[in-house]
Amino acid sequence: MDTIDDLERQIQELEKANRILTKKLERSEKNRIQLEETHERQQRLLYQAIQGLERSLHELQQAQLQLVQSEKMSALGNLVAGVAHEINNPVGFVAGNLCEAQRSFADLCDHLNLYRTQAPASVLEEHAEAIHLDFLLEDLPEILTSMEVGCDRIRNISTSLRAFARADKDYKVPYDIHEGLDNTLLILKYRLRANESRPAIEVMTDYGQLPLIPCFPGQLKQVLMNIIANAIDALDEYSNGLGYEAIEARGNYIKIQTSVIEEQAIIRITDNGKGISEEIKDNIFDYLFTTKEMGKGTGLGLAIAHQIIVEKHGGLLEVNSQLGEGAEFVIRLPLTDC
Amino acid sequence: MFQVVVGHSNDPDGVAAAVEILEQCKSALQSKTPQAGILFAAPELDHRIILEQICQTFPGIQLIGGTSDGEISSLLEFQQDSVTLMLFCSDEVEFIATVGRQVSQDPIAIARQTAELAKAKATLPPRLCLTSPESLTTSGVTILEGLKQGLGQEIPIVGGTTGDQWQFRATKQFFGTEVLNDSVPILLLTGNLKFGYGVSNGWHPVGKKGIVTKAKGNVLYEVDGQPILEVYQSYLGDIRPSPEYRLAVYEPEGTHWYMRSSNGHYDHASGSITFFADIPEQATVQIVHASRDEIVNAAQVSVQQALERYTGQEPAAALMFSCTGRLYVLGTRAKEEYVIVKDSLNQSLSLNQQLPCCGFYTYGEIAPLKLQGESQFHNETFVTLLLGCQ
């Protein structure tokens, strides 16, 4: 049997345990309240963080759009001199022909006035010879036709530039990729011509049967412009190391081939320029990567092209090349919106 | 000889707790008489009774201490609402306790005089100073400055400011049988003392660094000319400032930094936030981040540093000062701090029995950041101090 002392000790221990438990309960209640406050604060913090992330995402998307648009305008800026030259040619011959047409028209008016004054046949005959009436009647329609051709060329260039510069809608629209390729080639035409260091670059197109492709046409033309302009750069650089005749013998060319394979529109743009090394190929679609001289390349062109094809269109952009053996860029686009 | 014993009771009754810790200590002392002691107790306990019981049991004991937010010992490990006592016996080390009262009236001068008085009473040159000063009535940084002036910059000062379990109303300091507030008790150690200290917090700076362009004491107004409340709101949105607002404050040399954490007070009109301790103008500051694992691991880093810096071979005891802010963040994991320290000590020292340990959760930790460096005031930090004669 327990002694009284033992029992007293047990009671004291139980009393102590009771005091400790009561205190722990009190502490536990305090902690619970503190936990609830912390939880509420964390919830608000989480909400703020989510809102902040959403805002940042939106700003990032806007910034990306602006970046794409400014790269496009930068590419266009680089072309301004060439395009101005391209427009000046037809403007020149329209202006030249206009003077000729005005003179011819004035001679014709004089001749008509002689008829109205019922001048004698000999006077009419003499005037007709003086103004070369037969040649004039034959030449004037040709002058007008040639002016019309010049105006058409100016209009085409203007339309292409406007189409290129135009911002896309925020949804995809069906688009004729061949039209995009032709527009781009028109804008770049002056760069394809012969110059003092190399003969003209031959463009070979082999267009297959492509349906209208759902896309952002402005962005897609930006990609085509970038790849074709890079091909011209590659051919220019390659030509720098060779003599004019050597280049003429091998021929500079850009081949553009389109086709449909397995529900994908394929656009192959091939050049026989200097080609791309393995090392450069690994980085070619990276942001701010450029092999061009300072001030010539932004390092954004192919990175944005890749982003446009892969992220915006769910397609693929690949490069196949070996150093010294030209390069092939392959764009694969889904035929249906994804 | 340097013997250290520990008592620890979680009995909320002051008398019963005093009896329990004294029985534990007497049993471990085996009739030796301790010269000095340090007591950490929860704010709600009857401190006067506990102090009187200790001083009656060991007349003439040099006793300091204060109220705490949590207590640590090698007996009950981590506890809250408890009381823990560490007693020191040595024939090679001298202990002198002094106290500065109403320290807020002139913190630097009063702290300096307190240190000078202890030095004057000592028969040997000072080696180390332990302290548990007031945290609410005045700045811990200025108290520390006064102590450094009184002792000399080369004497390490280690300890922590007293707490009141997040009430921020009144904390108490102990000196002999006296229960004080607005005071700075110190325990100066001289003689053949070996020691080593470690300081770590586990936090790491993130985001942009800024320069403090306006601060007064522990109230921070502007960083880079922008109200600090706005700076935080740009990170955290419209959330009330709380102890989660922490800053790394870089030392002028630009590499080492110490922590400051907010006590939750702020002023919308001036855009200022009040911190637990002073932040100097022109200091570089940066927001900090840590996971709970990193915070717990800092305790281990701290004890490893202390072991590496220990000037002898075999420490006889360990004192620990951990921030109440860490306790707040760690919650139920706070107990892991002591466990990790205990495991680390056991592994490194291969002892037959547990090293006597004692410590508390403070409103500000004090220790030099580096060896032979000046003592520094910290927040959110774990400080380990190893003591011995061998």
Side-chain angles (χ1 to χ4, degrees), chain A residues 2-67 287-288 299-300, chain B residues 8-21 23-24 41-46 68-71 76 78-83 164-168 207 232-245 262 264 287 289 292 324-325 327-335 361:
Chain A
D2 288 335
T3 65
I4 291 180
D5 283 351
D6 284 340
L7 286 171
E8 270 184 3
R9 204 186 60 249
Q10 281 178 21
I11 289 167
Q12 278 174 3
E13 277 172 10
L14 282 172
E15 280 173 351
K16 181 187 168 189
N18 184 41
R19 286 196 298 272
I20 292 170
L21 283 173
T22 309
K23 193 72 196 173
K24 282 194 188 296
L25 199 63
E26 210 177 286
R27 157 75 49 197
S28 169
E29 182 67 9
K30 262 192 217 169
N31 287 346
R32 193 180 60 80
I33 291 165
Q34 195 186 59
L35 196 66
E36 280 168 4
E37 283 171 5
T38 308
H39 176 68
E40 194 182 327
R41 205 162 46 239
Q42 302 281 25
Q43 285 289 97
R44 288 182 60 194
L45 194 62
L46 186 65
Y47 176 71
Q48 301 273 9
I50 290 169
Q51 275 194 327
L53 281 175
E54 278 174 358
R55 209 167 37 241
S56 302
L57 182 66
H58 179 70
E59 283 166 7
L60 193 66
Q61 283 169 340
Q62 289 300 110
Q64 269 181 338
L65 281 178
Q66 275 171 13
L67 190 66
Y287 268 88
L288 304 177
L300 292 174
Chain B
H8 197 166
S9 170
N10 55 359
D11 194 329
D13 181 89
V15 178
V19 169
E20 190 175 5
I21 56 170
E23 273 175 7
Q24 290 165 342
E44 286 179 12
L45 285 164
D46 189 340
S68 53
D69 272 23
E71 301 75 39
L76 295 184
F78 169 74
Q79 293 289 326
Q80 283 180 288
D81 308 308
S82 73
V83 55
D164 69 346
Q165 294 191 346
W166 286 88
Q167 300 302 304
F168 304 111
Y232 269 110
Q233 279 168 351
S234 69
Y235 281 93
L236 300 174
D238 189 22
I239 289 181
R240 181 172 67 83
S242 67
E244 280 105 37
Y245 284 20
S262 161
I287 284 171
H289 168 79
R292 299 212 293 175
T324 188
L327 174 58
Y328 189 90
V329 178
L330 290 175
T332 52
R333 292 189 63 185
K335 59 179 181 287
Y361 283 84

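Just so it is clear, the structure is predicted and the values come from calculations on it, not from any experiment. Chain naming here is simple, since letters A, B, ... match the order of the sequence lines and numbering starts at 1 in each.
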Quick one: pull up CG in B/D69 and CG in B/D164 and give me the separation to the nearest 0.5 Å.
7.0 Å

Structural part of A/Q12 lying under 4.5 Å from a heavy atom of chain B:
neither

Test of understanding: with salt bridge (Lys or Arg N to Asp or Glu O under 4.0 Å), list the residues that count as partners of A/E59, not counting sequence neighbours.
none

Let me confirm one number: the CZ-NZ distance from A/R9 to A/K16, rounded to the nearest 0.5 Å.
13.0 Å

Listed by number, the residues in residues 19-28 of chain A that come under 4.5 Å of chain B (heavy atom to heavy atom) are A/R19, A/I20, A/K23, A/K24, A/E26, A/R27

Less than 4.5 Å apart, any side-chain heavy atom of A/K30 and any of A/I33?
no

Salt-bridge test for A/R32 and A/E36: reply yes if a basic N is under 4.0 Å from a carboxylate O, no otherwise.
yes

Is the shortest side-chain heavy-atom distance between A/Q34 and B/Y328 below 4.5 Å?
yes

